[in-house]
J.: 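Below is one structure. I have some questions about it.
Quick note on labels: first sequence line is chain A, next is B, and so on, each numbered from 1. Keep in mind the model is a prediction, meaning the values are calculated, not measured.
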Amino acid sequence: MSEKKPKIGVYVCHCGSNIAGMVDVEAVRDWAQAALGQDGVVVSRDYKFMCSSLGQELIEKDIQELGLERVVVAACSPHLHEKTFRTASERAGLNPYLTELVSIREQVSWVHTDKQVATEKSKALVSGAVHRVAYNTELQPLKVPINPNTLVVGGGIAGIQAALEIANAGFHVYLVEREPSIGGHMAQFDKTFPTLDCSACILTPRMVEAGTHPNITLLTWSEVISVSGYVGNFNVTIKKKARYVNEELCTGCGICVEKCPQKVIDDVYEAGLGYRKVIYTPFAQAVPKYPVLDRPNCTFFKNGKCKACEKFCPTNAIDFTQEDQYLNVEVGNIILATGYDLFDARRVTNYGYGRLPNVFTSLEFERMSNAAGPTGGEITLRDGKTKPETVGIIHCVGSRDKNFNNYCSSICCMQSLKFAHLVKERTGATVYEFYIDMRTPMKAYDEFYQRVLEEGTLFVRGKVAEVTNATHGPHEKGKLIIQVEDTLVGKQRRIPVDMVILSVGMEPRHDAKQVGQMFGISCSSDGWYIERHPKLDPVTTMTEGILIAGCASGPKDIPASVAQGAAAAARVLDKILQKEVELEPIRATVDESKCSGCRICNNLCPFNAISFLDDVGVTRINPALCQGCGTCVAACPAGAISGTGFSNEQIFAQIEGLLMGV
Amino acid sequence: MTDSFEPVIVGFTCNWCSYRAADAAGTARMKYAPNVRLIRLMCSGRLDPTFVMKALASGADGVLITGCHPGDCHYIDQNYKALRRFLLLRRTLKGLGVEPERIKLVWASAAEGLKLTNEINAFVEEIRALGPLHWPKWDSNGHTAEKQPILEVTA
Ligand SMILES: Cc1cc2nc3c(=O)[nH]c(=O)nc-3n(C[C@H](O)[C@H](O)[C@H](O)COP(=O)(O)OP(=O)(O)OC[C@H]3O[C@@H](n4cnc5c(N)ncnc54)[C@H](O)[C@@H]3O)c2cc1C
Ligand code: SF4
Ligand code: SF4
Ligand code: FES
């Protein structure tokens, strides 16, 4: 009882009416002064916007004039403004870790509806923080050096952009791509909306630059298999799958590909619409130029005969004995730019994809319209010859649909308009677009829509119920019938067409969850990687040092993916240039005089920070490895481990404070 | 009196997921029962069982323990340790003659504001149905009036 309480200041924020509209701020202020005086509160104030410079100055002034030793701010979530108020305290000469932020906005005013109850709950939360803060101790942030190398995972346009920005700034990048070439989805397209630039023409120079950049180690046909460490110092193991081609010797002449007698359907690059050889480069402009031998389909690996590629290779680069290699690299930051998968159109059974031959997916159409694609750019029915006279393009397949994905895939309207333009241009066919809402919000997008309208494409507003080959009468013979409710006219229509293109949506990579877990980041309920803040921090994640860019965090067009790649790179460069990163000093330490040597904690640490000193019979924690989860603190039966920032004393006091008067 | 019983619940949240789920619920203005008062820990692995006992002893009628989904823990797998402690705590409570349902474990990711909201509302109703927490009286042999041993002997 005689223990001297530190002097505490309490500051209650109105947040305009955000808090004050549901919490009686003055009552909380007065109560804190009166009821918590015995717990050290010497001043309690309210202010319209505590986070404003005037609000902050209020705190700073009190620290200096009243000699406050602790500060409690009741306002918004610590994830928003903890730093603001800690910095304010620091400016006034108080160690920043002696300031606590209580969330009475996210946890009270925004989620409750009864002002009196909300006010009482606010008091309880303030009391919890006041009791807790008395046990806060002065802490210094930990500084660790940043390894200047960066890992970029995924060589689509977002990953390429990120890698180039960092490499051009003079730092080393490991660019890891799982396919034989970088380029991602963009490499599969012919034209890109809204400008109709040739995709290869704008992408290839970037790919070449990434492939030849002295600061980029390009690892294609490779995957990350494990990651350890933390921001500044990650240790990554990369599996470089055997290509069966010696990259030192291969000149990329392509003779092996030409001579290989075995063809298989190319499900990846050609979207199943064309073939590739068993030894192959996915496309002519592939970077790197070295082919990959597809072992499961190779005649030599299957029955010991063939080796045509080896026979004809002028530089003896084919190596059937090559094995997977494992590389260890150390990097300071990691950017995940793993992109998206396409929604599987078979799942919407009433649209007949996979059953009705002339129903195509958007990606199939991209390949078909590509001059280097399986049809040489000719738009034909599945037979490869017949030109369609009527084409129906269906929007939102698998998107904005409770049965599949709730979200809008954001690019399908524009991609459908692009298709309409290409079909008209190349075949003169009549084109119908079936849309629910037309979404063309970005630069020059709506102008493109106007252009396609003027070209004479017919727009039907309504969700297509069915695509069928069950025809009614001779005028429908041999056609695919699109059954739709035209909501503008207000009636059911049956529209006969020769070809249907499904604008399938984007989905998270099938392995996004496992990949995310490996890097310590999580997915939203839709499966996309979660950004630290959806508006203000879209390229960082909750895990320091792990960034995301492009479609890995949700559907985007190419400009947005490129912008995110560059943004992630800027964030990484910022870290690299600081040379050191400050980590929250939340760490566990063992009081060796209390440790009984029971070793219960020894196997609990996920980061191997805990070791046992055999000679003295006690446990020690390596602060450089400890990440501060607190598991060992909770486990020690002797109470020998304390966790800074979240000590037992702090939590016990907070519980007592929260339940004061209960 | 009991018909106006408003339970008081202490909730432990993890900095990386459930605390952010609470933030997300707030930002989206989802509504939930005001009976829960949250405490932020860095990880559910930090949950010392004594925190739960302390909360119940200090007047809470229930304790909500939340953390990242299995596999999503920011510190790899410490939430499995929280799960183990939770199961042990439930047994201990039962041994003490307190309804084990007074503690509940919920996994909620940072994006699951709605899930957290629903779980909080459900838990408040569960505790309301149990009524206020009354600690049983023990005799000097550590037995409650109903002669229950403090700890269940399990093989
Ligand atoms: C049919 C269609 C047409 C489109 N047309 C246009 C258009 O005209 N204009 C426009 O602006 N946008 C268009 N888009 C959108 C465009 O495709 C995307 O915005 C862009 O490709 C996103 O780039 P990204 O780098 O994020 O992802 P991606 O292109 O998907 O690249 C990701 C890369 O990461 C690799 N990868 C994935 N996982 C791993 C892993 N674990 N390890 C290593 N590597 C991995 C992949 O192999 C891939 O190379 C279209 C989309 C579709 C579906
Ligand atoms: S659990 Fe506690 S007492 Fe046991 S070895 Fe670890 S630090 Fe020492
Ligand atoms: S708090 Fe303990 S268990 Fe957690 S990282 Fe640090 S040493 Fe390891
Ligand atoms: S970090 Fe959330 S449970 Fe471990």
J.: To check you understand the geometry: which heavy-atom pair defines the closest contact between Ala124(A) and Arg37(B), and what is its length?
T.: CB-NH1, 3.4 Å
J.: Is it the side chain or the backbone of Leu47(B) that comes within 4.5 Å of chain A heavy atoms, both, or neither?
T.: backbone
J.: Could you tell me which portion of Asn15(B) (side chain, backbone, both or neither) has an atom closer than 4.5 angstrom to a non-hydrogen atom of chain A?
T.: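 Both parts, heavy atoms under 4.5 Å.
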J.: Using heavy-atom distances under 4.5 Å, tell me whether Asp114(A) contacts chain B through its side chain, its backbone, both, or neither.
T.: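 For Asp114(A), no heavy atom lies under 4.5 Å from chain B.
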J.: Where is the tightest heavy-atom contact between Thr631(A) and Arg85(B), given as atom of each residue plus distance?
T.: O-NH2, 3.2 Å
J.: To the nearest 0.5 Å, how far apart are CZ in Arg29(B) and CH2 in Trp110(A)?
T.: 4.0 Å
J.: Step through the shown structure and confirm whether more than 12 heavy atoms of other residues, nucleotides or ligands are within 6.0 Å of CD on Gln116(A).
T.: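 Open: at most 12 neighbouring heavy atoms sit under 6.0 Å from CD of Gln116(A).
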J.: Which atoms of Thr117(B) are under 4.5 Å from chain A, going by heavy atoms: the side chain, the backbone, both sets, or neither?
T.: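 It is neither, since no heavy atom gets under 4.5 Å.
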J.: Please name the pair of heavy atoms, one in Ala55(B) and one in Ile655(A), separated by the smallest distance, quoted to 0.1 Å.
T.: CA-CG2, 3.6 Å
J.: Check whether Leu659(A) gets within reach of chain B through its side chain, its backbone, both or neither, counting any heavy atom under 4.5 Å.
T.: both
J.: Measuring only between side-chain heavy atoms, which start at C-beta, is Tyr19(B) closer than 4.5 Å to Gln107(A)?
T.: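 In short, these two side chains touch, coming nearer than 4.5 Å.
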J.: Please report the closest heavy-atom contact between Ala634(A) and Pro49(B), naming both atoms and the distance.
T.: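 What the structure gives for the nearest pair is O-CD, 4.2 Å.
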J.: Which bit of Leu658(A) comes within less than 4.5 Å of chain B, counting heavy atoms only: side chain, backbone, both or neither?
T.: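 Contact with chain B is through both the backbone and side chain of Leu658(A).
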J.: Any non-hydrogen side-chain atom of Cys629(A) less than 4.5 Å from a side-chain atom of Arg46(B)?
T.: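 In short, these two side chains do not touch, never coming nearer than 4.5 Å.
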J.: Can we say Glu82(A) and Arg40(B) salt-bridge, meaning some charged N sits less than 4.0 Å from an Asp/Glu carboxylate O?
T.: yes
J.: Among the options Ala25(B), Ala22(B), Ala60(B), pick out the one with the most heavy-atom pairs lying under 4.5 Å from chain A.
T.: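 Ranked by heavy-atom pairs under 4.5 Å with chain A, first place is Ala60(B).
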J.: Rounded to the nearest 0.5 Å, what separation is found between the OH atom of Tyr75(B) and the CG atom of Leu604(A)?
T.: 15.5 Å
J.: Do Ser58(B) and Val662(A) come close enough that some side-chain heavy atom pair is under 4.5 Å?
T.: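 No, too far: nothing below the 4.5 Å cut-off.
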J.: State, to 0.1 Å, how close Ser525(A) and Ala111(B) come at their nearest heavy-atom pair, and which atoms those are.
T.: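 Minimum heavy-atom separation between Ser525(A) and Ala111(B): N-CB, 4.4 Å.
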J.: Are side-chain heavy atoms of Gln517(A) and Asp72(B) found at a separation under 4.5 Å?
T.: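 They are in side-chain contact.
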J.: Distance check, rounded to the nearest 0.5 Å: Gln650(A) atom CD versus Ile39(B) atom CD1?
T.: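 It is 11.5 Å, given to the nearest 0.5 Å.
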J.: Identify the heavy atoms of Thr543(A) and His74(B) that sit nearest to each other, and give their distance.
T.: OG1-CE1, 3.3 Å
J.: Once rounded to the nearest 0.5 Å, what's the spacing between atom CD of Glu106(A) and atom CG of Leu38(B)?
T.: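 Those atoms lie 12.0 Å apart.
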J.: Give, for atom SG of Cys43(B) and atom CD1 of Ile586(A), the distance between the pair rounded to the nearest 0.5 Å.
T.: 12.0 Å
J.: Between Ala33(B) and chain A, which part of the residue has a heavy atom less than 4.5 Å away: side chain, backbone, both or neither?
T.: backbone
J.: To the nearest 0.5 Å, what is the distance between NE2 (His79(A)) and CH2 (Trp16(B))?
T.: 7.5 Å
J.: For atom NZ of Lys83(A), is the number of surrounding heavy atoms from other residues, nucleotides or ligands below 6.0 Å larger than 12?
T.: no
J.: Do side-chain atoms of His112(A) reach the backbone of Tyr32(B) as a donor and acceptor pair under 3.5 angstrom?
T.: yes
J.: Evaluate Ile651(A) against Leu41(B) for side chain to side chain contact (heavy atoms under 4.5 Å, CB included), listing each step before the verdict.
T.: CA-CA 9 Å; Ile651(A) 308 294; Leu41(B) 302 174; 3.6 Å; yes
J.: Please identify, among Met42(B), Met30(B), Arg20(B), the residue contributing the most non-hydrogen atom pairs under 4.5 Å to chain A.
T.: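 Heavy-atom pairs under 4.5 Å are most numerous for Arg20(B).
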J.: Heavy-atom distances under 4.5 Å only: say whether Lys81(B) touches chain A with side chain, backbone, both or neither.
T.: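 For Lys81(B), side-chain heavy atoms alone lie under 4.5 Å from chain A.
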